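Note sheet for the following structure.
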Amino acid sequence: MKIENKKILHTDILIIGGGTAGCYAALTIREKSDYSIIIAEKANIKRSGCLAAGVNAINAYIVKGRKPEDYVDYAKKDADGIVREDLLMTMSEGLNRVTDKMEKLGLVILKDENGEYVARGNRNIKINGENMKPILAEAVSKLTDCTVINRINITDYIVENNTIKGAYGFSIEDATAYEIRAKKVLCATGGAAGLYRPNNPGFSRHKMWYPPFNTGAGYAMGIRSGAEMTTFEMRFIALRCKDTIAPTGTIAQGVGAKQVNSLGEVYETKYGLTTSERVYGTVMENLEGRGPCYLRTEGISPQQDESLRKAYLNMAPSQTLKWVEAGKNPSEQNVEIEGTEPYIVGGHTASGYWVNTERETTIHGLYAAGDVAGGCPQKYVTGAMVEGEIAAIDMVSKLDADTSDGSPDTSAFDEKKALDAKASEYDHFLTERSKMFTTEAIEEAMQKVMDNYAGGISTHYQFNGKQLALAKEKINRLIELTGDLYASDMHELMFIYELKERLTVCLSVIAHLDARKETRWHSFAENLDYPDKSDDWMKYVNSRYENGQLHMIYRELVGREARYEHND
């Protein structure tokens with residue numbers, strides 16, 4: 001098989017990723033301007049992104065009696081100070097605004113007898129959110145001059161003189177290569193799953209916390225193009241229900257269930273209540289022989305039983321089915337919990353692009369929003385929308401202020417030549433029939449390397465410098481092997497590029513884990529060479545790929561009232 005068709009498209013704004021942030025950005029662009037939009041989506045926009053299956057709560061909301069500053073304080077404390085407070089503040093100020101917009105679009109938000117939103121804790125409200133993504137997709141479908149290209153895999157940015165010019169990709173449905181030229185580009189591709197060996201092996205390996213189709217594409221394209229990245233060492237490890245990998249927050253917050261060990265002892269207060277400490281406590285209780293660990297649901301009411309079964313049937317049906325198959329309700333049996341493999345995700349931790357306050361990256365004209373944007377943890381669904389909105393407003397403002405004639409920087413001949421070169425790259429994998437290694441075999445090898453040497457489940461999330469050096473050496477070797485991979489169709493070609501993306505992100509994760517000489521977040525970055533926290537590391541660990549090497553950059557903390565701009 002070979003690339004049979006080539007298409008060159010032009011637009012004012014290209015949005016890569018039609019998930020939560022991408023959709024909301026498109027809505028905002030159209031509200032503020034008539035600039036043309038192309039949304040390039042790897043799946044189908046109706047059910048793509050982390051929101052594909054829906055959610056049962058808005059986890060980032062300023063409830064009655066609270067203010068945006070409170071949310072900044074919460075996120076800052078959970079990340080032990082390593083956050084961009086300017087990003088958190090601008091995000092927090094928009095949480096209720098985007099929630100109100102979603103309700104107007106048709107999202108069902110639960111209300112009490114007084115018409116007030118039903119709160120779940122200090123920052124959450126309950127919703128019926130199974131159809132949240134279709135609501136967003138439907139709103140986008142009604143926009144004028146907004147083209148959605150589904151089933152297109154974007155592989156590379158077009159960058160000239162550190163300025164974004166568009167992106168390359170290919171259709172998964174047919175043998176078409178695309179070159180999309182744009183004046184501004186928003187990356188909203190999500191974070192990275194599948195770097196580490198997952199909890200469940202074999203045919204169940206897709207049962208993971210983060211969507212398996214989020215492969216770090218946005219990160220990888222930015223890294224290769226020389227964008228500055230931040231805080232990849234703050235990995236995210238979710239505490240989940242064992243086997244089903246269903247969320248634990250629904251139980252912990254919904255019925256007030258405590259974390260207990262096999263002796264029935266509440267251990268969560270012993271280690272701390274931040275996200276990383278909850279995972280760390282569970283790891284340590286197991287290591288010290290007091291496992292398994294559970295959420296204590298025994299003795300809850302029949303009404304709470306029913307509430308939990310319904311909540312999980314919407315969001316994670318495998319957990320409800322597990323209760324049904326066991327013939328026991330939550331009130332009759334505690335729920336066993338475990339940590340997942342590590343992920344790189346900017347919506348829960350602070351990993352991602354280094355952006356200014358308006359969410360522009362260090363590549364001029366390239367913006368990042370949602371899980372792919374760094375510095376702003378605990379953003380969840382609504383925070384991703386706010387970041388899409390902030391980026392959209394700034395892109396429109398910059399285009400409005402542009403006094404050039406808007407003509408493309410390259411001639412039609414140069415554009416065709418560039419696309420021909422990219423198509424030849426795709427054709428290499430489609431025509432070279434070396435079958436020494438399969439994509440799946442190299443991916444499994446990558447996951448084993450990261451699990452054994454870069455702090456995966458098998459090493460209790462711990463690592464040291466010598467292990468990381470071995471991880472780097474082995475990942476580089478696997479990268480060399482990808483050149484000999486073969487794809488029999490466009491779907492397999494997508495798998496090759498997803499693997500290449502993951503391997504690129506792996507190298508950045510390894511470099512960041514090695515660069516922070518402390519243990520600030522237990523389990524998230526458990527450095528055995530530096531087991532203690534140090535005030536000397538109250539700073540950001542950033543990186544930039546230049547001349548074939550990752551160079552580490554250390555930056556001072558940014559306050560919540562600052563308006564940060566890229567100066568170097």
Side-chain angles (χ1 to χ4, degrees), residues 21 25 28 60 62 66-98 123 162 184 186-188 222 227-234 345-380 382-398 401 512 515-516 520-521 534-544 552-568:
T28 305
I62 311 302
R66 301 279 176 171
K67 54 187 186 298
E69 289 81 358
D70 297 331
Y71 198 90
V72 178
D73 292 339
Y74 148 69
K76 181 180 177 181
K77 180 181 178 182
D78 199 73
D80 207 344
I82 309 300
V83 296
R84 283 276 302 277
E85 291 189 58
D86 62 319
L87 303 181
L88 277 168
M89 192 65 204
T90 51
M91 182 268 287
S92 299
E93 289 170 340
L95 293 174
N96 291 19
R97 181 174 64 248
V98 298
R123 296 167 291 275
N162 199 43
K184 302 291 178 186
L186 172 64
C187 180
E228 188 170 335
M229 314 302 283
T230 189
T231 324
F232 274 38
E233 74 279 12
M234 192 195 290
V345 52
H348 286 65
T349 48
S351 310
Y353 280 90
W354 182 249
V355 295
N356 67 13
T357 308
E358 307 306 326
R359 275 56 175 187
E360 186 175 15
T361 74
T362 55
I363 295 176
H364 303 308
L366 173 65
Y367 292 73
D371 280 348
V372 79
C376 183
Q378 313 296 348
K379 67 185 71 159
Y380 303 109
T382 42
M385 292 180 191
V386 177
E387 288 201 323
E389 178 187 61
I390 291 170
I393 290 171
D394 199 61
M395 286 189 288
V396 168
S397 175
K398 295 285 176 56
H512 278 253
R516 183 172 285 279
R520 179 164 297 271
W521 314 285
S534 170
D535 289 343
D536 293 340
W537 287 94
M538 281 296 292
K539 55 189 171 187
Y540 309 113
V541 174
N542 291 5
S543 62
R544 182 183 291 126
M552 306 314 294
I553 303 165
Y554 303 96
R555 295 195 180 275
E556 297 303 312
L557 300 183
V558 178
R560 69 183 65 182
E561 302 302 328
R563 304 297 293 186
Y564 180 84
E565 296 293 340
H566 301 304
N567 295 317
D568 53 24

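Remember, it's a predicted structure, so these values are computed and weren't measured experimentally.
Although no hydrogens or angles enter the test, the distance criterion places no donor-acceptor pair under 3.5 Å between the side chain of Tyr540 and the main chain of Gly375. Not one N or O on the side chain of Thr349 forms a donor-acceptor pair closer than 3.5 Å with the backbone of Pro377. Between the side chain of Arg66 and the main chain of Arg123, no donor-acceptor pair closer than 3.5 Å is present. At distances below 3.5 Å, at least one donor-acceptor pair connects side-chain atoms of Ser351 with backbone N or O atoms of Thr231. Side-chain atoms of Lys379 come within 3.5 Å of backbone N or O of Gly370 as a donor-acceptor pair. Side chain of His348 to backbone of Tyr380: no donor-acceptor contact under 3.5 angstrom is found. Within the 3.5 Å criterion, the main-chain N or O of Tyr564 finds a donor-acceptor partner in the side chain of Thr357. Although no hydrogens or angles enter the test, the distance criterion places a donor-acceptor pair under 3.5 Å between the side chain of Asp371 and the main chain of Gly347. The closest donor-acceptor contact from the side chain of Thr361 to the backbone of Leu366 lies under 3.5 Å. Remark: side-chain polar atoms of Asn542 are not paired, donor with acceptor, to backbone N or O of Met552 under 3.5 angstrom.
Trp354 does not carry Arg544 over the face of its six-membered ring by the limits of under 6.0 Å from the centre and within 45° of the normal.
The side-chain heavy atoms of Ser543 and Glu228, taken from C-beta on, include no pair separated by under 4.5 Å. For the pair Met395/Leu186, a side-chain contact is recorded, criterion being any heavy-atom separation below 4.5 Å from C-beta on. Side-chain atoms of Arg560 and Glu69, non-hydrogen and from C-beta on, do get closer than 4.5 Å to each other. Using a 4.5 Å heavy-atom cutoff, the side chains of Tyr353 and Thr230 are not in contact. Side-chain contact check for Ile82 versus Arg516: some heavy-atom pair is nearer than 4.5 Å.
Scanning for side-chain hydrogen bond (donor to acceptor under 3.5 Å, both in side chains) contacts around Asp70 gives Lys67, with sequence neighbours left out.
Across all their heavy atoms, Val541 and Ala515 have their closest contact at CG1-CB, 3.8 Å. Across Phe232 and Gly352, no two heavy atoms sit closer than the pair CE1-N, 3.5 Å. Of all the heavy atoms in Cys376 and Glu387, the pair that sits closest is CB-OE2, 3.8 Å. The shortest heavy-atom contact between Ala79 and Trp521 is O-NE1, 2.8 Å. Heavy-atom minimum distance, Ala227 versus Thr362: CA-OG1, 3.5 Å. Scanning both residues, Ala188 and Ala21, for their nearest heavy atoms gives CB-CB, 4.1 Å.
A salt bridge does not link Lys184 to Glu360: none of the charged nitrogens lies less than 4.0 Å from a carboxylate oxygen. Salt-bridge formation is detected for the pair Lys398/Asp394: a Lys NZ or Arg NE/NH1/NH2 atom is positioned less than 4.0 Å from an Asp or Glu carboxylate oxygen.
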Hey, mind stepping through Glu556 and Lys539 against salt bridge (charged side-chain N to carboxylate O under 4.0 Å, His left out) and telling me if it holds? CA-CA 5 Å; Glu556 297 303 312; Lys539 55 189 171 187; 6.0 Å; no
Verdict with supporting geometry, Arg97 and Glu389, salt bridge (charged side-chain N to carboxylate O under 4.0 Å, His left out): CA-CA 11 Å; Arg97 181 174 64 248; Glu389 178 187 61; 2.5 Å; yes
Donor-acceptor contacts under 3.5 Å from residues 89-96 side chains, at least two apart:
unit_1	atom_1	unit_2	atom_2	d
Thr90	OG1	Asp86	O	2.9
Thr90	OG1	Leu87	O	3.1
Thr90	OG1	Arg359	NH1	2.7
Thr90	OG1	Arg359	NH2	3.4
Ser92	OG	Leu88	O	2.7
Asn96	OD1	Ile62	N	2.9
Asn96	ND2	Ile62	O	3.0

